[in-house]
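For the single chain, residues carry numbers from 1 onward in sequence order.
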Amino acid sequence: MIDRRAFLLAGGALAASLALPTALFARDPDGYAPPDLEKMVPVEGGRVYVRVNGDLRGPKPPIVMLHGGPGGTHAHFLTALALANERAVILYDQLDSGQSDRPNDPKNWRVARFVDEAELVRKALGVDRWHLLGHSWGGTLALEYGARRPAALRGLALASPLVSTRSWIADANALRGSLPAPIQAEIAQCDTAPGPVCDAGTNAFYRAFNGREPATIPAMAYARAHPGGFNPKLYNAMWGASEFVSTGSLKDYDGEPLLAKLDGKRTLFIGGQYDEARPATLAGFAARVPGAEFATVPGSAHGLFSDRPQETIALVRAWLARQDALA
């Protein structure tokens with residue numbers, strides 16, 4: 001079972017101070033290419049772990065991918081390392097997540113700080129132009145970043161994004177209404193008293209709309225080798241304990257006005273056929289950005305890069321080529 005909070009990344013607590021051991025990611029049998037570069041990048045509140053595959057000085061602008069959560073890790077994007085045969089792929093763990101520092105200080109848990117974090121990663125790597133893809137909560141950060149219209153941004157992909165909490169919960173309620181009545185009754189517990197009964201219904205919801213495919217052997221091996229995973233404290237503080245009721249700092253988040261600030265010719269909206277960020281909702285957002293592209297990955301739920309990695313990567317690769325061709 002894959003849930004939006006964890007994507008099978010939950011693991012042991014990360015040591016308070018992280019030093020990079022030699023060949024951190026070159027551990028069999030996960031099967032993923034080891035990084036060509038690893039760095040701990042200083043940001044407000046601590047340092048974030050960054051890994052790069054491919055040549056940052058190559059002829060094509062790199063792509064950076066912002067993971068979901070809040071509190072997830074870069075591991076959801078490991079299948080996207082296939083793009084590194086054309087351009088550099090930059091993955092990093094946001095502060096208080098994955099292999100990054102974990103001060104666990106709520107004063108750092110602000111949308112603007114997480115957006116600033118991405119720009120600090122770019123500068124630390126010496127990248128003067130890049131494409132940016134954000135997934136789920138990472139899509140929120142991508143939306144905010146794109147609305148700033150930074151000169152470095154060549155292409156912006158919003159993958160199954162949280163654009164507003166209002167629309168996210170509306171989608172969740174619409175989708176749970178399509179489930180069998182007993183499951184709906186279990187999920188109803190989440191509205192008032194999250195707990196074991198609520199969890200059973202939520203897990204059924206996740207299997208339908210979050211991750212439809214089991215974790216692969218490489219993904220499980222990678223998770224075991226990198227125990228600094230999902231941070232539930234961060235997730236609960238910013239979102240809440242239930243998928244269906246937000247009680248955290250994002251409960252009133254509304255990024256919909258930012259859609260008007262995006263450069264449509266540079267923007268892609270992408271989601272899964274069975275995504276909890278419903279295709280109809282995503283298409284509506286795309287329609288509010290003149291010139292933006294919209295695509296749906298057949299057979300995928302929310303976990304685009306785990307449910308349908310080949311199809312998702314092919315779609316992103318083709319979009320990147322079109323972006324590279326723009327003046």
Gln184: partners by side-chain hydrogen bond (donor to acceptor under 3.5 Å, both in side chains), with sequence neighbours left out:
none
Stepwise side chain to side chain donor-acceptor pair (under 3.5 Å) check, Asp275 with Asn210
CA-CA 6 Å; Asp275 208 315; Asn210 196 282; over 6 Å; no
Of all residues at least two apart in sequence or in a different chain, which pass the side chain to side chain contact (heavy atoms under 4.5 Å, CB included) check with Pro182?
Pro180
Asp254: what forms a salt bridge (charged side-chain N to carboxylate O under 4.0 Å, His left out) with it, not counting sequence neighbours?
Arg166
Below 4.0 angstrom, N of the basic side chain to O of the carboxylate: do Asp116 and Arg148 qualify?
yes
Given the options Leu95, Asp101, Val41, Arg47 meets side chain to side chain contact (heavy atoms under 4.5 Å, CB included) only with Asp101
Looking at Ala124, is its backbone amide N or carbonyl O close enough to the side chain of Lys39 to form a donor-acceptor pair, meaning the two atoms are under 3.5 Å apart?
yes
Can any side-chain N or O of Arg266 pair as donor or acceptor with the backbone N or O of Gln323 at less than 3.5 Å?
yes
State whether a side-chain donor-acceptor pair under 3.5 Å links Glu243 with Tyr206.
yes
Would the distance check show the side chain of His131 and the main-chain N or O of Gly155 forming a donor-acceptor pair, the cut-off being under 3.5 Å?
yes
Apply side-chain hydrogen bond (donor to acceptor under 3.5 Å, both in side chains) to Tyr253 and list each qualifying residue two or more places apart in sequence or on a separate chain.
Glu144
Just grab all the ring-ring contact (aromatic ring centres under 6.0 Å, His included) pairs involving residues 77-107, residues at least two apart or on different chains.
Phe77-Phe305
Going by the rule salt bridge (charged side-chain N to carboxylate O under 4.0 Å, His left out), which residues pair with Glu186 if we only count those two or more places apart in sequence or in a different chain?
none
Spell out, as yes or no, whether a donor-acceptor pair under 3.5 Å connects the side chain of Ser136 to the backbone of Gly138.
no
side-chain contact (heavy atoms from CB on, under 4.5 Å) between Leu259 and Leu143, worked out
CA-CA 8 Å; Leu259 295 170; Leu143 171 62; 4.0 Å; yes
Can you check salt bridge (Lys or Arg N to Asp or Glu O under 4.0 Å) on Asp324 and Arg87, steps first, answer last?
CA-CA 11 Å; Asp324 289 341; Arg87 72 188 68 239; 2.6 Å; yes
Side chain Arg212, main chain Ala208, donor-acceptor under 3.5 Å
yes
Any pair counted as salt bridge (Lys or Arg N to Asp or Glu O under 4.0 Å), so long as it reaches residues 120-132, sequence neighbours left out:
Glu119-Arg122
Just by distance, do the side chain of Ser178 and the backbone of Leu175 share a donor-acceptor pair under 3.5 Å?
yes
Ion pair present between Arg110 and Glu44, side-chain N to carboxylate O less than 4.0 angstrom?
yes
Selection residues 168-180 - residue pairs positive for salt bridge (Lys or Arg N to Asp or Glu O under 4.0 Å), sequence neighbours left out
Asp171-Arg278, Arg176-Asp191
Side chain Thr165, main chain Asp252, donor-acceptor under 3.5 Å
no
So, the side chain of Thr73 versus the backbone of Asp93: is there a donor-acceptor pair under 3.5 Å, distance only?
no
Restricting to side-chain hydrogen bond (donor to acceptor under 3.5 Å, both in side chains), what partner residues turn up for Asp96, sequence neighbours left out?
Trp109
Go through the side-chain N and O atoms of His302 and Asp307 and say whether any donor and acceptor fall under 3.5 Å apart.
no
Main chain of Gly299, side chain of Gln273: is a donor-acceptor contact present, judged purely on distance under 3.5 Å?
yes
ring-ring contact (aromatic ring centres under 6.0 Å, His included): pairs with one or both residues in residues 263-296, sequence neighbours excluded
none
Indicate every side-chain donor-acceptor pair of residues 311-319 with a distance under 3.5 Å to a residue at least two apart or in another chain.
| residue | atom | partner | partner atom | Å |
| --- | --- | --- | --- | --- |
| Thr312 | OG1 | Leu304 | O | 3.1 |
| Thr312 | OG1 | Arg308 | O | 2.8 |
| Arg317 | NH1 | Asn85 | OD1 | 2.9 |
| Arg317 | NH1 | Glu86 | OE2 | 3.2 |
| Arg317 | NH2 | Ala82 | O | 3.2 |

Strictly under 6.0 Å, is that where the ring centroids of His135 and His76 end up?
yes
Only counting residues at least two apart or in another chain, list the ones meeting side-chain hydrogen bond (donor to acceptor under 3.5 Å, both in side chains) with Ser164.
Ser167, Glu256
